[in-house]
Amino acid sequence: MTPGTTGADEPGAAPGPARRTVLAAGGGLALGAAVAGGAVALTRDGDATTPVADSGAAVPFHGAHQAGIATAVQDRLHFAAFDVTTDDREKLVKLLKEWTRAAERMTAGREVGEGAYGGLPEAPPDDTGEALGLRPSRLTLTIGFGPSLFDGRFGLKDRRPGDLVELPRFPGDNLDPARSGGDLCVQACADDPQVAVHAIRNLARIGFGTVAVRWSQLGFGKTSSTTPNAQTPRNLFGFKDGTRNVSGSDAAALDRHVWVGPAEAAGGASWLAGGSYLVARRIRMNVETWDRTPLAEQEDIFGRDKKEGAAVGKAKEHDEPFLKALKPDSHVRLAHPDSNGGATLLRRGYSFTDGTDGLGRLDAGLFFLAYQKDVRAGFVRVQTALAKSDALNEYIQHVGSAVFAVPPGVRDADDWWGRALFS
């Protein structure tokens, strides 16, 4: 699948169920081999077996971990950070329960509540309706809790994980407060942009009076993959990204680098066991300047060739780089785990273009999303090295930032987002 396309556009892709269709094994669609939230799931339609990434099928919502982390990366994103506008703990808990029930339905390809039509004419419908007739499109919804949620309003001060730290200000940062932070976040990923937008829109609608959208970001063209056997995506600079990303089917690597274990979630943070930490960064890319840069210089900056994605001196993309052969300030050398004490992130970033900046330049770049079990040993360590001397810094600038604790998955129909935190 090439970046910028969805599984529904691929020749021979298996048709998925429309909304209002019952998703069940007896209904012609069975989900099997689901690993880590759908990372390598298969769908069966008649006698044909299709990778879930090409099917438009539903990703299971319930599980030990939230879907949307190790899940095979979808092509579209709508990410939203919310401020909680009430100090009433019970109202917040009620909202989280309502959001969970809505997320269960939307990720299964169903409408929220009683649906978009057929209800009382005098009342607004329960669902906004723009996803009617669309397939589930592998929609995943992933929630996170920001440091500000633990400020005392809801009696959660002593439940804040010690590793949920405010990120330091790195050299070169030009962060916009209006595009940073948030009490809550929801990451909606899907292979259809309308399905992702529908999900965030309905959660915001349900939350009216309890939460308000602080900022949001649309993304397209995934820039990293959690399925190493798939084609590696390219970023807006035209280079392959995510060659060494954590595989969504590598349980040992996920336990080592992504999932928070019982030992890391000791004390008041025991609610986070099975969860993770998310760092979100909006990175502006100066594409006009980059486009006037000679090819040889571009390749030196990244430390890879542009065609194959092979490291300097190597023939193929996945050949292990010889770091000493790369320029000391090359991106690959500085970001490599061997240069950072083994620090490894699971990345799920997306490209974005948000119009122009008023000076004739595209407001374009990378919306960086990275999951890890330890923010300080993960993102902070790697970004400290990059901010100090990465040659790529001449062409990029970090303009938005947030960090969230991501709770474990919703186990069953009686569970809800954040239950262990508020219990």
Taking NZ, NE, NH1 and NH2 as the nitrogens, is one of them in [X] or [Y] under 4.0 Å from a carboxylate oxygen of the other?
X	Y	answer
K94	E98	yes
K222	D75	no
E317	K240	yes
D305	K307	no

Do [X] and [Y] come close enough that some side-chain heavy atom pair is under 4.5 Å?
X	Y	answer
F145	L156	no
T140	R138	no
T86	K91	yes
V260	Y277	yes
M106	V112	yes
I301	F237	no
W417	W99	yes
V312	V332	no

I'd like to know if the side chain of [X] pairs up with that of [Y] as donor and acceptor (distance under 3.5 Å, no hydrogens or angles considered).
X	Y	value
Y395	T293	yes
Q187	H78	no
S137	Q74	no
D183	S148	yes
H62	D415	no

Margin query: Working note: E299 + R304, criterion salt bridge (Lys or Arg N to Asp or Glu O under 4.0 Å); need CA distance, chi angles, decisive distance, verdict.
Written below: CA-CA 5 Å; E299 293 182 331; R304 293 187 180 274; over 6 Å; no
Ring pair (Phe, Tyr, Trp, His ring centres under 6.0 Å) between F352 and F220, worked out = CA-CA 6 Å; F352 70 83; F220 66 91; 8.5 Å; no
Name each donor-acceptor pair under 3.5 Å that joins a side chain in residues 334-344 to protein atoms two or more places apart or in another chain, with its distance.
from: H336; atom 1: ND1; to: D338; atom 2: N; distance (Å): 3.0
from: H336; atom 1: NE2; to: E320; atom 2: OE2; distance (Å): 3.2
from: S339; atom 1: OG; to: R333; atom 2: O; distance (Å): 2.6
from: N340; atom 1: ND2; to: L334; atom 2: O; distance (Å): 2.8
from: N340; atom 1: ND2; to: H336; atom 2: O; distance (Å): 2.9
from: T344; atom 1: OG1; to: G342; atom 2: O; distance (Å): 3.0

With side chain to side chain donor-acceptor pair (under 3.5 Å) as the test, would you mind laying out the steps for H198 and D127 before giving the verdict? CA-CA 9 Å; H198 168 265; D127 188 286; 3.0 Å; yes
Practice prompt. Tell me whether the centres of the aromatic rings in F79 and W215 are closer together than 6.0 Å.
Written response: yes
What side-chain donor-acceptor pairs closer than 3.5 Å can you find for residues 384-391, not counting sequence neighbours?
from: T384; atom 1: OG1; to: V380; atom 2: O; distance (Å): 2.6
from: D390; atom 1: OD1; to: L392; atom 2: N; distance (Å): 3.1
from: D390; atom 1: OD2; to: H331; atom 2: ND1; distance (Å): 2.7

d(L345 CG, L369 CG) to nearest 0.5 Å is 11.5 Å
Rounded to the nearest 0.5 Å, the CG atom of N174 sits from the OG atom of S401 at a distance of 12.5 Å
Relative to each other, are the rings of F239 and F302 parallel, tilted or perpendicular (30° and 60° limits)?
parallel
- [ ] Report, as yes or no, whether the 6.0 Å neighbourhood of atom NZ on K327 holds more than 12 heavy atoms from other residues, nucleotides or ligands.
- [x] no
Practice item. Evaluate whether atom CZ of R411 has more than 12 neighbouring non-hydrogen atoms of other residues, nucleotides or ligands under 6.0 angstrom away. Key: no
Sorted by chain and residue number, the ring pair (Phe, Tyr, Trp, His ring centres under 6.0 Å) partners of F368 (sequence neighbours excluded) come out as F379
Nearest heavy-atom approach of A108 to P136 is O-CG, 4.0 Å
Heavy-atom closest pair (R347 atom, S224 atom, distance to 0.1 Å) is O-CB, 3.4 Å
task: Start with the C-alpha gap between R284 and D357, add the side-chain angles, then the distance that decides, and say whether salt bridge (Lys or Arg N to Asp or Glu O under 4.0 Å) holds.
output: CA-CA 11 Å; R284 174 82 180 270; D357 63 359; 3.0 Å; yes
Sorted by chain and number, sequence neighbours left out, side-chain contact (heavy atoms from CB on, under 4.5 Å) with D255 holds for W259
_Would E111 and R105 count as a salt bridge (Lys or Arg N to Asp or Glu O under 4.0 Å) here? Give the steps._
CA-CA 6 Å; E111 297 164 56; R105 296 183 66 87; over 6 Å; no
Donor-acceptor contacts, no H, no angles, side chain residues 163-170, under 3.5 Å, sequence neighbours left out:
from: D163; atom 1: OD1; to: R376; atom 2: NH2; distance (Å): 2.6
from: R169; atom 1: NH2; to: D173; atom 2: O; distance (Å): 3.4

Hits for salt bridge (Lys or Arg N to Asp or Glu O under 4.0 Å) against D354, two or more places apart or cross-chain, chain-then-number order -> R282
